[in-house]
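Along the sequence shown, residues carry numbers from 1. Computed from a prediction, not measured in an experiment: that's the story for all the values here.
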Amino acid sequence: MRFRATIRKEGAPEETRLIEAPSRFAVYEEVQKEGGVVVGLTEGTGFALPAWLSLTIGTGVRRAEVVRMAKNLSAMLAAGLSLSRALSVVERQSGNPRLKKIAVGIADAVRKGSSFHDALAAYPKVFPPFFAAMARAGEESGSLANALSIVALQMERSEELARKIKGAMIYPSIVITVIVIVGILMLIYVVPTLTKTFTELGVQIPLATRIIVALSDFMVAHTALVVLALVALVGGGAAFVRSERGGALVVRGALFLPVIGELVRETYSARAARTLSSLLSSGVPVLNALAITKEVVHTGAFAAVVADAGARVRKGEPLSAAFAENANLYPILMSDMLAVGEETGKVAEMLKQIAEFYEDDVAQKTKDLSTIIEPVLMLLIGTVVGIFAVSMIAPIYSLSSAF
């Protein structure tokens with residue numbers, strides 16, 4: 001396989017070059033032997049689908065199915081089944097044709113002598129780097145069943161965290177969508193009727209009403225254009241948010257919002273801590289673990305801190321140093337507990353405690369978020385309705401005053 005790697009070496013500018021290797025982890029090892037650090041890695045000769053496309057195109061396998069596969073494999077391996085036989089069972093149990101095909105491909109590769117982690121690395125859009133790294137650590141230590149159990153737990157916790165955050169956003173999203181739709185319908189169907197009445201009666205229209213009337217006239221005259229513009233805006237916005245650069249900008253902006261900013265910091269802290277803890281506890285070397293954690297964290301500034309931590313560890317500095325200097329992204333508690341873990345030789349255990357603490361805290365805050373958002377939404381609805389009502393009632397009031 002061919003990879004395009006962006007490499008950083010001490011005292012030298014970053015360089016990008018193509019590397020032939022059987023898997024991503026072989027690239028990390030090769031660059032590490034040369035005294036460098038991988039700061040960016042894409043599969044292929046250079047062209048890659050945008051992040052928002054790569055999540056939906058070419059996979060056909062839901063994350064929940066990957067979690068179930070890891071759990072089933074762990075249970076069967078612990079019960080004494082061989083890996084190829086366990087993969088055969090997964091293939092027969094799965095109702096997803098795509099996952100069946102992948103399970104067959106992995107089983108064939110294993111039977112031909114390939115390692116399990118290399119077989120997984122052939123499907124990077126289905127199995128994240130963390131999955132393959134843990135499988136490799138499990139194979140090397142002879143505890144693949146335990147490693148897969150940790151993979152399932154890690155992915156499950158990550159999905160649960162994301163699901164709770166999305167759930168907290170559903171209510172405000174629905175309310176805002178309804179406000180926009182009702183507003184558009186009123187501008188297209190209600191306002192023209194009132195405007196006609198005002199014109200017939202010769203009422204003097206105030207500035208706020210004239211603005212709404214002008215907007216209504218434009219939307220009535222160009223309804224198709226307005227609908228297309230809204231679809232393009234929503235589609236383009238979704239594409240921008242899911243792209244690497246767009247997602248990083250949205251996250252950066254969210255950090256300045258009250259409550260939301262703290263929620264974002266703790267979410268990424270939990271993700272980084274749990275991933276790093278799982279990898280280190282399974283015997284993955286710290287530099288490789290940090291490189292994989294950077295890919296899992298993925299988002300802009302948060303991933304850059306993890307990359308910086310890897311560069312500092314290579315120089316002999318403590319792991320906690322990079323996190324301590326970026327308390328605006330990773331809370332102070334994370335760097336302090338990491339420092340304690342380094343002093344006591346229990347970094348993986350401390351990282352696990354950090355992850356559990358922030359996961360529980362995020363779960364509680366997402367519950368509280370709906371309570372906080374409700375009055376804000378009510379204020380927004382009241383403001384919109386009030387502006388519209390005053391703008392439309394003012395001409396009627398002036399008309400009645402004239403008589």
Side-chain angles (χ1 to χ4, degrees), residues 128-130 133-134 150-151 153-169 244 247-281 284 286-287 289-313 317-344 346-369:
F130 168 77
M134 289 294 293
I150 295 173
V151 167
L153 177 63
Q154 156 78 7
M155 294 180 70
E156 211 166 33
R157 288 290 183 91
S158 179
E159 284 298 296
E160 184 180 354
L161 205 60
R163 189 165 56 249
K164 286 178 179 176
I165 294 172
K166 289 176 183 176
M169 295 293 106
E244 186 173 348
L249 286 174
V250 169
V251 170
R252 176 67 77 175
L255 291 173
F256 295 98
L257 298 176
V259 182
I260 300 293
E262 190 175 357
L263 197 62
V264 170
R265 291 184 187 91
E266 292 187 355
T267 299
Y268 279 98
S269 297
R271 183 181 298 176
R274 182 163 289 280
T275 303
L276 195 54
S277 170
S278 299
L279 291 166
L280 293 176
S281 63
V284 177
V286 64
L287 290 175
L290 285 166
I292 294 163
T293 301
K294 172 182 170 290
E295 289 193 35
V296 173
V297 172
H298 185 67
T299 303
F302 288 95
V305 174
V306 179
D308 183 42
R312 287 168 179 262
V313 169
E317 296 181 28
L319 176 61
S320 57
F323 295 98
E325 291 182 9
N326 291 275
N328 60 320
L329 297 174
Y330 291 93
I332 295 174
L333 177 64
M334 183 164 181
S335 58
D336 286 350
M337 289 191 70
L338 260 177
V340 172
E342 288 173 315
E343 291 169 7
T344 59
K346 297 180 178 179
V347 174
E349 289 86 342
M350 282 296 180
L351 285 166
K352 184 180 178 182
Q353 290 182 31
I354 293 168
E356 290 174 349
F357 173 79
Y358 285 129
E359 284 167 354
D360 292 340
D361 203 39
V362 168
Q364 184 59 48
K365 283 178 179 173
T366 51
K367 289 180 183 177
D368 299 338
L369 192 60

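Between the side chain of S335 and the main chain of S320, no donor-acceptor pair closer than 3.5 Å is present. Under a 3.5 Å cut-off, the side chain of E359 and the backbone N or O of R157 do not form any donor-acceptor pair.
Between M350 and D336, the closest side-chain pair of non-hydrogen atoms is not below 4.5 Å. Residues S269 and F302 have side chains not in contact (no heavy-atom distance under 4.5 Å, counting atoms from C-beta outward).
Among all heavy-atom pairs drawn from A289 and L280, the shortest one is CB-CD2, 4.0 Å. In terms of heavy atoms, M134 sits closest to V151 at CB-CG2, 3.3 Å. Residue V306 comes nearest to L290 through the heavy atom pair CG1-O, 3.3 Å, listed as atom of the first residue, atom of the second, then distance.
Aromatic ring orientation, F323 versus Y330: perpendicular (interplanar angle above 60°, classes split at 30° and 60°).
Rounding to the nearest 0.5 Å places CD1 of I150 at 10.0 Å from CZ of R274. Taking CD of E262 as the reference point, atom OG1 of T267 lies at 10.5 Å (rounded to 0.5 Å).
At most 12 heavy atoms of other shown residues, nucleotides or ligands fall within 6.0 angstrom of atom NZ in K352.
Salt-bridge annotation for R312 and E325: present, with a side-chain N of the basic residue lying under 4.0 Å from a carboxylate O of the acidic one.
For the side chain to side chain contact (heavy atoms under 4.5 Å, CB included) with R265, the qualifying choice from L255, V251, V362, I260 is L255, the only one to do so.
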